[in-house]
Amino acid sequence: MPDLTARIAENLADIRRRIAEAAARSRRSADAVTLVGVTKYVGEAEIRALVAAGCTELGESRPQQLWEKAESLADLPLRWHMIGHLQRNKVRRTLPVVEVVHSADSPRLITAIDHAAGELSLRMPILLEVNVSGEAAKHGFAPHAVEPFLDELAGYRNVEVLGLMCMAGLTSGLDGARAEFAELRQLRDRLRGNRPEAVKLDELSMGMSGDYEIAIEEGATIVRVGSALFHERPR
Ligand SMILES: *Cc1c(COP(=O)(O)O)cnc(C)c1O
C-alpha cells in the first residue's frame, strides 16, 4: 500500500516539524516532547505504516482495543500508552501491556492499579488526569483535589506518579484550550515545589491533533495525536 505508507510518513514528518517549531517557541528542544500516536481510529495496516515511519509510542483509549492491537502487533518494538478511561475490572489485563496509564482519573481507579501492580510485581507509571475544563462529561480529578490526593500517595506502593494529563474542553476553543493547558502547568509547578522527591511531576500530557502546538507552547512534554497522523490532505 504505497499510498497509505507515503501519506502517513508525510503526515508524521509534518507533525514532527511542527512539534520542533513549537518546542523552539517554548525554548526547548524537540526531544523534550514525546509524540504518542493515537491509533484508535485505524487498523493494523495504518499502524504498521506509522511504525515503519518511526513512531513507536502508541496510544489507545479503549482497553479492549489496546489488548487486541498490542497482541496482533507483538512482533514490533512498541510502547503502548493507555489514554482513555480505564474500568477497574480491566486494570489487571491492561497493566502488563502498557508503559504508562495517562488516564488515572480517580482514587478508586488508582487503588485498583496499585493492587494489580502489586500482584503483578510491577511498579506502574501513571499520570493523574485533571478535569481542567470542568465539563461534566470529562473524567479526572478536580484541580483542587490533586494536592490532597498527592498527600495520600505514600499509601500507594506500586504506582509512580510521573505527572499530570488533561484534555481541553470540547467547547473551549483554542484560546480556552491555551488557558486550560496553562492552568495544568501552573498546577504542576505549584505542586512540584513542595513534594517529596519520589513525586516528580515532570510530565505534562496535553494536546491532541487540533491543539498540540499550543499545548507545547504551554509546556506539554507528551502530546497525543491521532487524526492528524492519518488524514488525507488535498494535494
Ligand atoms: C482520541 C484521543 C486523542 C487523539 O485525538 P485526535 O484529535 O484524533 O488527535 C488524544 N487523547 C485522548 C485521550 C483521546 O481519546
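Note that ligands are numbered from 1 as they come in the structure, with each ligand's atoms numbered from 1 the same way. On a predicted model such as this, the values are computed, not experimentally measured, just so you know. Quick note: numbers below take in every heavy atom, side chains included, and nothing from hydrogens, waters or symmetry partners.
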Short N-O contact, Arg178 and Glu217, less than 4.0 angstrom
yes
Could you name the protein residues that come within less than 4.0 Å of ligand 1, counting only heavy atoms, and order them by chain and residue number?
Val38, Lys40, Tyr41, Ser61, Ile83, Met167, Met208, Ser209, Arg224, Val225, Gly226, Ser227
Residue pair [X] / [Y], side-chain donor-acceptor N/O under 3.5 Å:
X	Y	value
His102	Ser205	yes
His139	Asn131	no
His81	Glu57	yes

Return all side-chain donor-acceptor pairs below 3.5 angstrom for residues 32-41, not counting sequence neighbours, or 'none' if the list is empty.
| unit_1 | atom_1 | unit_2 | atom_2 | d |
| --- | --- | --- | --- | --- |
| Thr39 | OG1 | Gly59 | O | 3.4 |
| Thr39 | OG1 | Glu60 | OE2 | 2.6 |

Check: Phe149 ring centroid to Tyr156 ring centroid under 6.0 Å
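Between Phe149 and Tyr156, the centre distance is under 6.0 Å.
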